[in-house]
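Working notes for the structure below.
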Amino acid sequence: MNRLSSYIFFLLITGVIVFTACKKDHSATPTVYMPNALGVVKVTFEMADTPYIVPVSAVITGSEYATVVNAVAGNDIVVHFKAAPAKVDFFNEQNGTDYRVLPEGSYEMPAVATITKGASITAATGLKIYAKGKIDPFQDYMIPVSIENIEGASASAYQQTTYYVVNATADLNSMVPYDQAKWTIAGFSTEEPAEGGGNGLAARAIDNDPSTFWNSKWSGGEPGPPHYFIVDMGEEKAVHGIGIMDRYFEGSWQTDGHGQPQDITVSVSADNAAWTDVAVLKDIPHDPGQPWYKYFVSTLKQARYVKFTVTKVYGTSSTNIAEVQVF
């Protein structure tokens, strides 16, 4: 072989090597990542007696490209997941947020899922949220889920943790009122002891007895609204809503109205000094049979004190309420 032929042969061999290197198979060594880990995943659902299941998955790709499609597993790949509540503080610090951690006992994350041979995504699995009685409704909670380790493939260098933000809604009938055993009255506009039998006092609106009631002053003068009383719940609680029960009346005092609240403003406070209005209720009914009238507040707040201010009444200038509740 002459010198020129040798040189041409060398170039051909070199070209084959370079071309082969450029055609590296990115799917030969699969890696695993979480497709939803690009940002916060917001999940909203209604509270129920059964858990709500948030789908959680991992997929495979080529060794370097997260967007490669049609990659399939050449063998079973076992992915181990774990909930990672400790990552919430770091997330909040990095993003200027204040998400609360989903409480322990309110969720369950199955530890293992498998990408079976020939598939590209884990078999169905999910984060179970036990919301009812465990978390506050209408409140955002965060729970990160991470890939802990992988058998049969490698972990991708990215998208190993998905940050779920869950928010459970509720209907009024499912809301459980707070225990009133330690409630006291922290203030009122007026009350009316002349009702007799212990009635007329503001404390009668929180005694769990529909036959008793608070009444604003009517003896020796009957001032008009606003009328109010303040409930001290004894500790701070999330105020999602309130319930009101009318004083029992029959005949025209029931049908036409005799002091039942028509409009009420609900305010909350942590210290019985600085107040925030959280609900303005208009045209509250006054139906027979003392039904509960329940309302969600428009702004969810933590508070110890709840103020009920009657701004408009049916039939008279004074007002009356049999019972209130907070949930």
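Side chains are part of it too, since the values below use all heavy atoms of this structure and drop only hydrogens, waters and symmetry mates.
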Checking side chain to side chain contact (heavy atoms under 4.5 Å, CB included) for the pair Gln254/Tyr248: CA distance, chi angles, key distance, verdict? CA-CA 8 Å; Gln254 186 280 307; Tyr248 182 78; over 6 Å; no
How close do Asn36 and Thr162 get, heavy atom to heavy atom, and via which atoms?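 Here Asn36 and Thr162 meet closest at O-CG2, 3.5 Å.
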Rounded distance (nearest 0.5 Å) linking atom [atom1] of [X] with atom [atom2] of [Y]:
{"X": "Lys217", "Y": "Ser317", "atom1": "NZ", "atom2": "OG", "answer": "13.0 Å"}
{"X": "Asp283", "Y": "Asp263", "atom1": "CG", "atom2": "CG", "answer": "6.0 Å"}
{"X": "Lys312", "Y": "Ile284", "atom1": "NZ", "atom2": "CD1", "answer": "11.5 Å"}
{"X": "Lys294", "Y": "Leu281", "atom1": "NZ", "atom2": "CG", "answer": "14.5 Å"}
{"X": "Gln260", "Y": "Tyr293", "atom1": "CD", "atom2": "OH", "answer": "8.5 Å"}
{"X": "Tyr33", "Y": "Ser154", "atom1": "OH", "atom2": "OG", "answer": "15.5 Å"}

Any side-chain heavy-atom pair of [X] and [Y] under 4.5 Å:
{"X": "Ile129", "Y": "Ser106", "answer": "no"}
{"X": "Val32", "Y": "Ile77", "answer": "yes"}
{"X": "Met34", "Y": "Val56", "answer": "yes"}
{"X": "Trp183", "Y": "Asp232", "answer": "no"}
{"X": "Thr61", "Y": "Thr31", "answer": "yes"}
{"X": "Lys87", "Y": "Tyr163", "answer": "yes"}
{"X": "Gln325", "Y": "Ile242", "answer": "no"}

So, using salt bridge (Lys or Arg N to Asp or Glu O under 4.0 Å) as the criterion, who are the partners of Glu195 when residues are at least two apart?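 Expected list: Arg247.
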For side chain to side chain contact (heavy atoms under 4.5 Å, CB included), just list the numbers for Ile321 and Phe213, CA-CA rounded to whole Å, side-chain angles, deciding distance to a tenth of an Å, and then say yes or no. CA-CA 6 Å; Ile321 294 176; Phe213 55 88; over 6 Å; no
Test: Arg100 and Asp136 ion pair at under 4.0 Å: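 Salt bridge between Arg100 and Asp136, a charged N being under 4.0 Å from a carboxylate O: yes.
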Below 4.0 angstrom, N of the basic side chain to O of the carboxylate: do Lys117 and Asp76 qualify?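 Result for this pair is no, no salt bridge flagged.
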Can you classify the ring geometry of [X] versus [Y] as parallel (below 30°), tilted (30 to 60°) or perpendicular (above 60°)?
{"X": "Phe296", "Y": "Phe327", "answer": "perpendicular"}
{"X": "Tyr314", "Y": "His286", "answer": "tilted"}
{"X": "His258", "Y": "Trp253", "answer": "parallel"}

I'd like to know if the side chain of [X] and the backbone of [Y] have a donor-acceptor N/O pair within less than 3.5 Å.
{"X": "Glu222", "Y": "Ser318", "value": "yes"}
{"X": "Asp209", "Y": "Ser211", "value": "yes"}
{"X": "Asn215", "Y": "Thr319", "value": "yes"}
{"X": "Gln290", "Y": "Pro210", "value": "yes"}
{"X": "Thr122", "Y": "Ala58", "value": "yes"}
{"X": "Glu191", "Y": "Gly200", "value": "no"}
{"X": "Asn75", "Y": "Gly152", "value": "yes"}
{"X": "Ser267", "Y": "Trp275", "value": "no"}
{"X": "Ser189", "Y": "Tyr228", "value": "yes"}
{"X": "Glu323", "Y": "Asn208", "value": "yes"}

Can you check side chain to side chain donor-acceptor pair (under 3.5 Å) on Gln139 and His240, steps first, answer last? CA-CA 10 Å; Gln139 172 70 54; His240 309 102; over 6 Å; no
Is it the case that [X] and [Y] place a side-chain donor and acceptor less than 3.5 Å from each other?
{"X": "Glu108", "Y": "Tyr130", "answer": "yes"}
{"X": "Asn95", "Y": "Thr97", "answer": "no"}
{"X": "Asp207", "Y": "Thr212", "answer": "yes"}
{"X": "Ser146", "Y": "Gln160", "answer": "no"}

Using a cut-off of 6.0 Å, state whether more than 12 heavy atoms not belonging to Asp98 lie near its atom CG.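 Count not over threshold, so no.
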Is there a side chain to side chain contact (heavy atoms under 4.5 Å, CB included) between Lys128 and Tyr107 once you walk through the steps? CA-CA 5 Å; Lys128 295 182 179 180; Tyr107 61 87; over 6 Å; no
Please step through side chain to side chain contact (heavy atoms under 4.5 Å, CB included) for the pair Val313 and Gln262, ending with a clear verdict. CA-CA 5 Å; Val313 302; Gln262 183 172 350; 5.7 Å; no
Enumerate donor-acceptor pairs with a distance under 3.5 Å from any side-chain N or O in residues 38-53 to protein atoms, sequence neighbours excluded.
| from | atom 1 | to | atom 2 | distance (Å) |
| --- | --- | --- | --- | --- |
| Asp49 | OD1 | Lys132 | NZ | 3.0 |

